Amino acid sequence: MTDLAKHNRMANAIRFLSADAVEKAKSGHPGLPMGIADVATVLFGQFLKYDPTKPDWPDRDRFVLSAGHGSMLLYSVHYLLGSEDFTIDQLKNFRQLGSLTAGHPEYGHGAGVETTTGPLGQGLANAVGMAIAERLLSEEFGTDLVDHHTYAIVGDGCLMEGISQEAISLAGHLKLKKLIVIWDDNGISIDGKVSLADSTDQIERFEASGWETISIDGHDPAAIAAALESARSSAKPTLIAAKTTIGYGAPNKGGTEKVHGSPLGAEELEAARKALGWDAAPFEVPSDILDSWRIAGLRSGQARKEWEKRLAEADSEARGEFERRMRGDLPAGLNGALEALKKKLAAEQLTSATRKASEQILGTINEVVPETIGGSADLTGSNNTKTGQTKSITPDDFSGRYIHWGIREHGMAAAMNGMALHGGVIPYSGTFLVFSDYARPAMRLSALMKQRVIHVMTHDSIGLGEDGPTHQPVEHYAALRAIPNLNFFRPADITETLECWELALKSRETPSVLALTRQNLGSVRKTYEAENLCARGAYVIDDSADDPTVTIFASGSEVGLALEAKALLGAEGIQTRVVSVPSFELFEAQSEDYKASIVGNSPVKIAVETGIRMGWDRFIGSDGIFIGMKGFGASAPYQALYEHFGITKEAVVAAAKARIHEKVEG
Ligand SMILES: Cc1ncc(C[n+]2csc(CCOP(=O)(O)OP(=O)(O)O)c2C)c(N)n1
């Protein structure tokens with residue numbers, strides 16, 4: 001058999017495993033795997049540094065299928081390479097409940113799926129983050145330990161999404177030369193020809209963003225190999241524009257939208273078998289072809305063993321540090337450093353904006369946790385995310401620890417997912433809380449993928465003042481609390497900010513948002529407590545009332561206000577208890593007894609928060625009093641806004657007294 005004939009049969013194995021699995025599932029996307037099979041055969045068969053027997057090898061090349069709807073490509077290839085997870089039975093159970101072969105690739109379902117893809121464009125930005133992490137770690141630990149490429153296959157859809165521009169321009173700017181993106185240029189999406197909706201010259205676009213570009217026939221294995229070879233030695237990130245036919249081999253539906261997202265149908269599948277000379281039954285791969293694939297799967301074993309030898313021979317301190325980083329364990333010095341700072345803060349009783357408090361705490365964290373990589377989407381001075389330890393990285397110098405993400409919130413959040421998935425670094429970002437909307441699709445995926453990604457989101461309420469309602473979050477607390485497995489923290493003072501930072505760092509499988517104030521807040525925690533009280537999600541912050549008539553629940557900047565209201569009520573003989581609620585999510589994780597004790601039995605329950613009411617009935621009941629926002633904010637100095645919207649201690653007192661009158665006395 002000639003090399004070309006062998007290549008064709010290896011590619012056809014991908015095509016028919018994929019098309020047959022879609023056919024059996026009666027759902028899925030055969031067009032992409034059939035169209036890109038030649039590229040995948042060359043990439044996985046000759047280039048990708050990946051050992052299926054050790055899929056978590058830290059120095060493996062990363063591969064991202066950004067066009068996640070083509071998931072069967074990934075499952076077929078990994079089966080062929082000899083994956084333990086993606087067995088033939090898994091392929092037969094494509095898209096079925098409990099199988100690893102989910103509709104779109106899901107991180108954690110099986111080795112070889114480096115990230116969850118499906119929302120188009122995310123994978124491309126994840127790949128940028130992976131390439132950033134590789135370069136940072138390579139700079140720190142040397143190329144003996146860290147020297148790999150990041151490959152991504154993207155479709156027309158990925159390149160149409162706005163996030164792609166953020167990812168592409170950032171990668172070009174940072175000269176991420178070990179990032180290689182292959183564009184499945186088939187000119188077809190769901191509605192039909194891409195030309196219905198887009199006429200971008202992608203080559204010019206990538207070149208304008210600082211990329212190398214190579215255009216090839218995506219069905220010519222020699223051209224694919226030459227392009228990959230050339231891309232690997234480029235000084236810039238490379239786009240390989242591979243012209244392909246969607247559903248290659250399907251004689252009637254190939255080249256059209258009909259093969260994008262529906263099974264071929266028995267007749268067309270049979271016709272494709274004839275056209276490509278494939279006579280194996282569904283889910284069968286001729287043994288010589290399976291052997292060729294399995295041999296390809298063994299290709300990187302030697303490189304992996306050599307890498308392990310280099311690691312074993314490395315300086316013991318560097319090795320220990322590298323291994324700790326890749327395990328994701330925090331350094332031993334963190335607890336002591338935070339404890340000492342917490343004691344100091346309790347003694348000082350500082351008045352501070354929590355964004356400023358965060359900067360001070362980060363100064364301690366960054367000193368003892370070398371893997372934190374900070375950044376901001378062009379709001380560094382406002383987010384207070386840069387500390388003395390975090391020198392900025394530049395396109396030519398990755399020895400720093402701070403990323404100027406530019407005004408690219410969505411790309412930033414998605415690239416941070418890629419960094420966390422790569423391992424060895426803990427990314428934290430900065431932007432205004434209101435712009436969480438711009439980052440939210442990627443934040444949702446951090447939560448779904450259980451990644452430790454930390455977002456510092458400042459200017460967390462009308463308390464930001466004069467910038468006005470476009471910049472004042474009101475529904476964002478509820479919107480972020482609604483994302484499963486995402487911890488939304490709203491600390492009330494500097495001590496709570498420290499505790500929330502500690503929780504965010506220690507939440508290995510949960511992303512966090514720290515919502516921080518622009519305006520100064522007094523200390524509400526008066527004494528040192530060894531226990532991290534914020535870990536409970538909600539706790540009684542001022543327990544002087546034995547049998548409170550009123551309980552006030554508040555978060556963030558409103559905790560201080562609640563304490564002032566308590567003092568006024570106390571002066572009138574009304575027993576009041578104040579509960580600080582830094583995190584709804586952590587509260588829900590407590591025992592039923594604890595939760596019941598916090599909710600309590602006060603006849604009057606009030607919640608105060610500069611957001612919408614949604615979610616607070618959990619604490620105050622549907623008949624509770626909510627003092628907060630009902631609509632958008634306004635532009636004015638913040639004190640005037642609190643007055644204008646009636647979020648004041650006097651309003652709390654008046655509401656409490658009116659309700660007491662009604663309920664207790666009336
Ligand atoms: C953010 C987002 N919007 C919409 C979709 C739905 N969708 C899935 S595939 C697709 C078309 C993609 O076209 P292309 O990338 O050319 O893939 P191909 O047709 O080549 O398989 C769309 C709109 C999605 N997955 N993600």
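Note that the numbering runs from 1 along the sequence shown for the chain. Indexing begins at 1, ligand by ligand and atom by atom, following the structure's order. Just so we're clear, the structure is a prediction, and the values are computed from it rather than from any experiment.
- Annotation: atom 14 (P) of ligand 1 to nearest protein heavy atom, Gly157 N, 3.6 Å.
- Near Ile188, meaning under 4.0 Å from one of its heavy atoms, ligand 1 places the atoms 14 (P), 16 (O), 18 (P), 19 (O), 20 (O).
- Under the 4.0 angstrom criterion for non-hydrogen atoms, Ala67 is not in contact with ligand 1.
- Aromatic ring orientation, Phe206 versus Trp211: perpendicular (interplanar angle above 60°, classes split at 30° and 60°).
- Regarding atom 3 (N) of ligand 1, its nearest protein heavy-atom neighbour is Glu161 OE2, 3.6 Å.
- The aromatic rings of Phe432 and His459 sit tilted relative to each other, their planes meeting at an angle between 30° and 60°.
- No cation-pi contact links Arg481 to Phe489, judged by a cut-off of 6.0 Å to the six-membered ring centre and 45° from its axis.
- Here Ile246 has side-chain heavy atoms under 4.0 Å from ligand 1, and that is the only part of it that gets that close.
- At a heavy-atom distance under 4.0 Å, no atom of His29 approaches ligand 1.
- A salt bridge between Lys193 and Asp156 is absent, with no side-chain N of the basic residue lying under 4.0 Å from a carboxylate O of the acidic one.
- The distance from ligand 1 to the heavy atoms of Gly118 drops below 4.0 Å at these ligand atoms: 24 (C), 25 (N), 26 (N).
- Polar contact with ligand 1: absent for Cys158 (N/O pair, distance under 3.5 Å).
- In this structure, the separation between CD on Glu257 and OG on Ser262 is 9.5 Å, given to the nearest 0.5 Å.
- Taking the charged nitrogens against the carboxylate oxygens, Asp217 and Lys243 have no contact shorter than 4.0 Å, which rules out a salt bridge.
- Taking the side chain as every heavy atom from C-beta outward, Pro119 and Leu445 approach each other to under 4.5 Å.
- Close to ligand 1: Pro119, with a non-hydrogen atom less than 4.0 angstrom away.
- At the shortest separation from atom 17 (O) of ligand 1 among protein heavy atoms lies His69 NE2, 3.1 Å.
- Nearest protein heavy-atom contact of atom 18 (P) of ligand 1 is His260 ND1, 3.4 Å.
- With hydrogens left out, the protein atom closest to atom 5 (C) of ligand 1 is Leu120 CD1, 4.0 Å, a heavy atom.
- Near Gly155, the atoms of ligand 1 lying under 4.0 angstrom from a non-hydrogen atom of the residue are 15 (O).
- Residue Leu480 is tested with Asn487, Leu433, Asp437 for a side-chain contact (heavy atoms from CB on, under 4.5 Å); the sole match is Leu433.
- Taking OG1 of Thr101 as the start and CZ of Phe94 as the end, the distance is 7.0 Å to the nearest 0.5 Å.
- Those atoms of ligand 1 that come under 4.0 Å of a heavy atom in Asp156, given as number and element, are 14 (P), 15 (O), 16 (O).
- The aromatic rings of His78 and Phe86 sit tilted relative to each other, their planes meeting at an angle between 30° and 60°.
- Shortest contact from atom 22 (C) of ligand 1 to any protein heavy atom: Ile190 CD1, 3.4 Å.
- Annotation: the span from Ile203 atom CD1 to Asp185 atom CG amounts to 7.5 Å, rounded to 0.5 Å.
- At the shortest separation from atom 13 (O) of ligand 1 among protein heavy atoms lies Ser189 CB, 3.3 Å.
- In terms of protein heavy atoms, atom 20 (O) of ligand 1 is closest to Asn186 ND2, 2.6 Å.
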